[in-house]
Enquirer: 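Here it is: the structure, laid out below.
Quantities reported herein were computed from a predicted structural model and do not represent experimental measurements. Just follow the structure's listing: the first ligand is 1, and inside any ligand the first atom is 1.
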Amino acid sequence: MRIGLLTGGGDCPGLNAAIRAVVKRGTSELGCSIVGFNNGWQGVIDGDARPMTRDDVSGILVHGGTMLGTARCHPHKVEGGMEAVQETFENEKLDGFICIGGDGTLKAAGKVSKALGVPVIGIPKTIDNDVVGTDAAIGFDTAVSIATEAIDRLHSTAESHNRVMVVELMGRHSGWIAVTAGIAGGADIILAPEEPFDIDVIAKRIKHRHRYKNFSIVAVAEGAIPAEGSNWSGKPTLDAKGNPIAGSIGHEVTKAIEAATGFTSRLTTLGYVQRGGVPTAADRLLGTRMGVAAIDGIVAGESHKFTALQGNHIVLEPFDTMMGKTKWVPEELLSAARGL
Ligand code: F6P
């Protein structure tokens with residue numbers, strides 16, 4: 001078989017592990033040829049392809065990012081996009097696609113598979129970990145490790161300066177990174193989109209804590225929202241899609257805490273650091289296992305599915321399971337984040 005391979009959406013550590021597994025397993029064990037497309041579905045639309053060999057993926061396991069490049073492109077939203085994908089599929093004499101991406105890119109993969117009737121297997125990657133159907137997506141573990149280390153580091157400077165340190169973490173609309181790194185890093189207050197916050201309650205908790213401690217750490221998800229009717233006058237800056245730009249909700253929360261408590265408060269916006277650098281062992285393993293499952297699956301005739309970690313098993317889950325949905329942080333974790 002000739003299989004097209006692409007990575008789409010925001011990059012993250014662990015993508016190269018999946019690419020490497022598809023190429024090594026596909027070419028050596030399964031007699032396939034793998035055609036890499038640069039820059040996600042945009043590369044498929046443009047026919048920007050290259051054959052991939054074992055040599056091409058040698059040594060990439062530890063590298064962050066994606067050797068294929070990426071872009072936020074969805075063929076069903078591009079004029080003539082689906083036709084161009086069909087044309088490339090024929091020109092390259094492909095038998096199917098393996099598409100590594102987050103909810104947007106996998107949704108596009110599902111639409112390509114259904115509309116064009118071509119075999120497609122998806123592999124979920126996103127530091128936001130918001131893909132329904134899989135316990136974890138590639139990149140999440142590394143992002144949580146980076147965020148936890150940052151929170152660890154903020155403890156010493158917060159304590160030295162008797163300050164409230166607010167750290168804003170990525171996660172788009174869900175709070176997976178803030179909640180898990182917040183708990184692992186011992187943050188005193190964690191704000192996640194799943195649980196709208198009340199700044200008066202936060203201020204009261206910090207004032208109470210500062211009776212016996214001289215510092216606090218507040219972990220804020222970039223998608224955190226104030227509770228309806230709560231005493232909030234913050235005005236986060238929004239992007240064209242109406243999402244708060246990086247650092248703006250963190251900035252407003254920091255300002256509000258300082259005003260309500262009188263304690264000096266400072267903000268750290270972790271930003272793209274959470275998406276960069278060497279993947280953890282867990283993300284290398286997850287990327288490798290999902291890469292193997294994807295190429296084995298498509299060669300076995302599977303299609304319109306994505307690889308999913310369920311418990312400790314990698315299974316193939318229908319695209320419909322995740323399309324148009326968001327995996328929210330469960331109550332069990334939120335209750336742990338609410339206060340220990
Ligand atoms: O989806 C991953 C992510 O890093 C989100 O956490 C963040 O909101 C967004 O991408 C940033 O998007 P961009 O890379 O387009 O700036």
Enquirer: Which heavy atom of the protein is the closest neighbour of atom 6 (O) of ligand 1, given with residue, atom name and distance?
Expert: D128 OD1, 2.7 Å

Enquirer: Please state which protein non-hydrogen atom is closest to atom 12 (O) of ligand 1 and give its distance, to 0.1 Å?
Expert: R72 NH2, 3.2 Å

Enquirer: Could you tell me how the ring of H208 sits relative to the ring of Y212: parallel (under 30°), tilted (30 to 60°) or perpendicular (over 60°)?
Expert: perpendicular

Enquirer: Are any side-chain N or O atoms of T307 and backbone N or O atoms of A293, one a donor and one an acceptor, separated by less than 3.5 Å?
Expert: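 Judged by distance alone, no pair lies under 3.5 Å.
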
Enquirer: Give the atom numbers and elements of ligand 1 that come within less than 4.0 Å of a heavy atom of E222.
Expert: 5 (C), 6 (O), 7 (C), 8 (O)

Enquirer: Among all protein non-hydrogen atoms, which one is nearest to atom 14 (O) of ligand 1, and what is the separation to 0.1 Å?
Expert: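 That would be R275 NH1, 2.8 Å.
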
Enquirer: Just to verify, what does R289 make a salt bridge (Lys or Arg N to Asp or Glu O under 4.0 Å) with, not counting sequence neighbours?
Expert: none

Enquirer: As a quick check of understanding, evaluate side-chain contact (heavy atoms from CB on, under 4.5 Å) for L106 and M322, giving each step before the final call.
Expert: CA-CA 8 Å; L106 292 182; M322 50 76 56; 3.7 Å; yes

Enquirer: Any idea which protein heavy atom is nearest atom 9 (C) of ligand 1, and the distance to it?
Expert: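 Looking only at protein heavy atoms, the one closest to atom 9 (C) of ligand 1 is R172 NH2, 3.3 Å.
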
Enquirer: May I ask you to check whether G171 has an N/O atom sitting below 3.5 Å from an N/O atom of ligand 1?
Expert: yes

Enquirer: Please determine whether side chain to side chain donor-acceptor pair (under 3.5 Å) holds for the pair D55 and S58, giving the CA-CA distance in whole Å, both sets of side-chain angles, and the decisive distance to 0.1 Å.
Expert: CA-CA 5 Å; D55 290 348; S58 174; over 6 Å; no

Enquirer: What are the atoms of ligand 1, with element, lying closer than 4.0 Å to any heavy atom of M170?
Expert: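 Atoms satisfying the 4.0 Å criterion: 4 (O), 6 (O).
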
Enquirer: Tell me the contacting part of I127 for ligand 1: side chain, backbone, both, or neither, using a 4.0 Å heavy-atom threshold, strictly below.
Expert: side chain

Enquirer: Report the nearest protein non-hydrogen atom to atom 16 (O) of ligand 1: residue, atom name, distance rounded to 0.1 Å.
Expert: Y272 OH, 2.4 Å

Enquirer: Would Q274 count as a contact of ligand 1 if the rule is a heavy atom under 4.0 Å away?
Expert: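 No heavy atom of Q274 comes that close to ligand 1.
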
Enquirer: Look up atom NZ in K93 and atom CZ in R2, then write down how far apart they are to the nearest 0.5 Å.
Expert: 8.0 Å

Enquirer: Report the distance from atom CG of L154 to atom CZ of F215, rounding to the nearest 0.5 Å.
Expert: 10.5 Å

